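Below is one structure, written out as structure tokens; the observations come after it.
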Amino acid sequence: MGFWDKWQDILGQQNNSGPTYSVDLPEAEGIVRYRMIFYGRVQGVGFRYTMKLEASGLSITGWVHNHYDGSVIAELQGENKAIRMLIYRIQQGHYIRIDDIKVESVPADPRESVFSVK
């Protein structure tokens, strides 16, 4: 196998490896809000902008920003099903790898209407 074939194989493995992490959320009906801290390869790989794009398409509001320790913090507000789908979809981004997520329920903000990158 030549260099180009090996490189294509490596890229194929990175791009087609699929989700590496799923999150268990409490069962809830209606709109919920969670503060989540994402650990793994989540900075410098387009994580926040991928999250913004996907969140907007799933009617999720909230915010996301990089934390000084290399993690990413987000507050996500929407239906549980949509939040689970968001986490699944952001892992489809190139080079993004979620190793762990810490989840905390927080009160919903009925005035919030957009998702922003801080």
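From a predicted model like this one, the values you see are computed outputs, not experimental measurements. Residue numbers count from 1 along this sequence.
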Shortest non-hydrogen contact from Val42 toward Arg97: CG1-O, 3.9 Å
Validation row: Met36, Ile73 side chains within 4.5 angstrom (heavy atoms): no
Residue pair Tyr34, Ile83: steps toward the side chain to side chain contact (heavy atoms under 4.5 Å, CB included) verdict: CA-CA 9 Å; Tyr34 300 108; Ile83 293 171; 3.8 Å; yes
Connected via hydrophobic side-chain network under 4.5 Å: Val103 and Ile37: no
hydrophobic_cluster_shared for Ile90 and Tyr49, side chain cutoff 4.5 Å: yes
Distance-only check: which donor-acceptor pairs under 3.5 Å involve side-chain atoms of residues 55-65, not counting sequence neighbours?
unit_1	atom_1	unit_2	atom_2	d
Ser56	OG	Lys52	O	3.0
Thr61	OG1	Glu112	OE1	2.9

Linked, directly or transitively: Leu53 and Met51 (ILVMFWY side chains, under 4.5 Å): no
4.5 Å side-chain heavy-atom contact, Gln77 and Asp109: yes
With sequence neighbours excluded, residues passing ring-ring contact (aromatic ring centres under 6.0 Å, His included) with Phe115: none
Hydrophobic cluster membership, Ile98 vs Tyr39, 4.5 Å side-chain cutoff: no
With Glu75 via side-chain hydrogen bond (donor to acceptor under 3.5 Å, both in side chains) - residues at least two apart: Arg33, Arg35
Heavy-atom neighbours of Gln43 CD exceed 12 at 6.0 Å: yes
Arg41/Phe47 under side chain to side chain contact (heavy atoms under 4.5 Å, CB included): CA gap, chis, key distance, verdict: CA-CA 9 Å; Arg41 188 173 39 212; Phe47 184 93; over 6 Å; no
same_hphob_cluster(Tyr95, Ile87) at 4.5 Å side-chain heavy-atom cutoff: yes
